[in-house]
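Chain identifiers are assigned alphabetically (A, B, ...) following the order of the sequence lines, protein sequences preceding nucleic acid strands; residue numbering begins at 1 within each chain. Just so we're clear, the structure is a prediction, and the values are computed from it rather than from any experiment.
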There are 2 protein chains.
Amino acid sequence: MSKKQLILETAAQLFATKGIDATSVQQITDACGISKGAFYLSFKSKDELIISIIDYFVKDVATRIDQSVNEGKSPEQKLYNYYYQIFSIIQEHITLASVFFKEHTQFLSEELIQKMALYDTMMNKLIENLLLELYPQSAQHIYDLAIIIKGFISGYSEHMFQKANAYPYDLQALSKSLVEKTTIIATHAKTPFITKEMITLHSTEEALITLENILQEANILHSYLDDGLLQDSVTIITEQLQSSQPRAAIMHGMLANLQTNPVCNWFCYLVKKHIEN
Amino acid sequence: MSKKQLILETAAQLFATKGIDATSVQQITDACGISKGAFYLSFKSKDELIISIIDYFVKDVATRIDQSVNEGKSPEQKLYNYYYQIFSIIQEHITLASVFFKEHTQFLSEELIQKMALYDTMMNKLIENLLLELYPQSAQHIYDLAIIIKGFISGYSEHMFQKANAYPYDLQALSKSLVEKTTIIATHAKTPFITKEMITLHSTEEALITLENILQEANILHSYLDDGLLQDSVTIITEQLQSSQPRAAIMHGMLANLQTNPVCNWFCYLVKKHIEN
DNA sequence: TTGACAACTGACTGATTAGTCATTAGTATA
DNA sequence: TATACTAATGACTAATCAGTCAGTTGTCAA
């Protein structure tokens, strides 16, 4: 393997595990067993390396997909090959792809990752309950449907990103069209792909609505407020929640106070859900 | 607005336009009209700020979606509200979202962006031709179908990322299942969303297969090779392409030489397409 | 063996940036 | 007005890192 290719592939590996900005040229050359100077004989700059890596993998992907599709005997088999080849490539480059397609993961703290997982679970539950309600006869499809719905959103939102300046999207028409498509799939699909074993055990939504978490959220909210009245309202809510007999009228009033400021929405939402239970 | 909230929202704006790493604390405080010290009275570190921003927006999104779904009178309307609310949020935070969901855009050179657009066009054309072949009766749906296919891929691949360690995916079953779902939508969908005016004019695939571009690719490939025989093969191909009468036997032999090394795939692919025309 | 040339090295430079802290400005109270 | 306290400042430090270049090593032809 040429030195240039060695650097490129080693760097791709490091970028995939540590992130791009967190990987210094020194670390790349160390991993290659060469000096820093040698690096600059192959690439003019770190930027050029990054661009080369992207270019390198995009070419590989494009070639393989095109070839694979052309090998299909029938149109249907071509479509099959297209899907199959793309997922094979993703599986092969899974770590690298995850960095280039969602670079942000690197600096998420362990705590935030857990929190995000909770939010995600919450949203999944929401959509799954909705699907069960809508298509009770397609219960075995709801995990596939949930993924497909997310896929719809991702596909059309990426299209929105690209056209951000051109046309204002007619969101009502889009939403209507996606409801139609969701229903079509729910009523006609035969073979679900996601099986029960493949589903992560859901961490319960309740983890978000513990007294402990609400008190923590109260602290966070407090630090965002500068209005003394609102700050006191938050404090009073925490006092009431911790007392043996929270008084409904006080809670109601305090929530009314907070509802004037959108920053408080999340906190109010949690408190209300907590009261309901 | 409290100082903390001011910093958070200003920083979110700056991150959205310049990227996270490229935005220094100094720039944030300048934009807020406060000193650097004041920043550290509100946030312990830049990392805490980043985490707070994510947390802040995730909470906002989760609250709004949940509320909006609950307002739906029927299950179907709830699904509609779900789609509608998500797209509204995306449209509202479009720049911020694009940074957090695909941070890499910041360091892409203008040249590479154009190249990527070409690759993208190439892949779109591939899938659009395929769809026309498969569903000639659904011609007015192919742009929606192309987006949906990308959405399927994005949805299931994200699921793969999460389960990377758990189960090896059965890619054949997945591909089969997606062919089925694609066909279901193609045959049953009534109202396309993407209209003709919304489609960007395609830059032609030919831009990739010009002699000029192939010569440039020859240079790139050359720099990745250390085997003299392969390097010479590349050189000979460029000579032949520039001569008035390229000799088929030579081209064929040189391509055979190169085909032994996967690094040459893309170059071979371009040269073959060029010869075909 | 010598000389010429290319490949390679790693200490060094200059620029940038996160985070600190001694000092100052502002404000409320007595 | 004097005092006490908090909020805010910005020059400074320490660390990192991309990129350079004077010098070294390896190679091959004469």
Exercise. Within this structure, what is the CG-to-P distance between Asp21(B) and dT16(D), rounded to whole angstrom?
Worked result: 16 Å
For this session: Report the nucleotide, chosen from dT9(C), dA18(D), dT20(C), that has the shortest atom-to-atom distance to any side-chain atom of Lys46(A).
Result: dA18(D)
For this session: Take the protein atom CD of Gln27(A) and the nucleotide atom C1' of dT16(D), then report the distance between them rounded to whole Å.
Result: 11 Å
Problem set entry | Short side-chain to backbone donor-acceptor contact, Gln231(A) and Leu225(A), under 3.5 Å | yes
For this session: If the plane angle is over 60° it's perpendicular, under 30° parallel, otherwise tilted; pick one for Tyr56(A) and Tyr224(B).
Result: tilted
Problem set entry | Nucleotide nearest Ser35(B) when distance is taken to its side chain, options dG10(C), dA18(D), dG10(D) | dG10(D)
Problem set entry | Between dC21(C) (C1') and Lys44(B) (NZ): distance, integer Å | 19 Å
For this session: Tell me which nucleotide among dT20(C), dG19(D), dT17(C) gets nearest to the side chain of Tyr40(A).
Result: dG19(D)
For this session: Give the rounded distance in Å between these two atoms: CZ of Phe43(B) and P of dT17(C).
Result: 20 Å
Problem set entry | Protein-nucleotide distance (Lys4(A), atom NZ; dA7(C), atom C1'), rounded to Å | 16 Å
Problem set entry | Flag side-chain contact, heavy atom, 4.5 Å: Leu49(B) against Val25(B) | no
Problem set entry | Lys3(B) side chain, from C-beta outward: closest of dA8(D), dC8(C), dG19(C) | dA8(D)
Seminar exercise, completed: note: Ile20(A), atom CD1; dA18(D), atom C1'; distance rounded to Å ~ 16 Å
Exercise. So, Thr260(B) side chain and Ala256(B) main chain: donor-acceptor pair closer than 3.5 Å or not?
Worked result: no
For this session: Consider the side chain of Leu41(A), meaning its heavy atoms from C-beta on, and name the nucleotide among dG19(C), dC8(C), dT9(D) that approaches it most closely.
Result: dC8(C)
For this session: Check the side chains of Asn257(B) and Ser233(B) for a donor-acceptor pair under 3.5 angstrom, ignoring hydrogens and angles.
Result: yes
Exercise. Can you find a donor-acceptor pair, distance only, under 3.5 Å between Lys36(B) side chain and dG19(C) base?
Worked result: yes
Exercise. Over how many whole Å does the gap from Ile7(B) atom CD1 to dT9(D) atom P extend?
Worked result: 10 Å
Seminar exercise, completed: Out of dA18(D), dT9(D), dG19(C), minimum distance to the side chain of Ile34(B) belongs to dT9(D)
Problem set entry | Length of the CG-P vector between Asp226(A) and dA8(D), whole Å | 11 Å
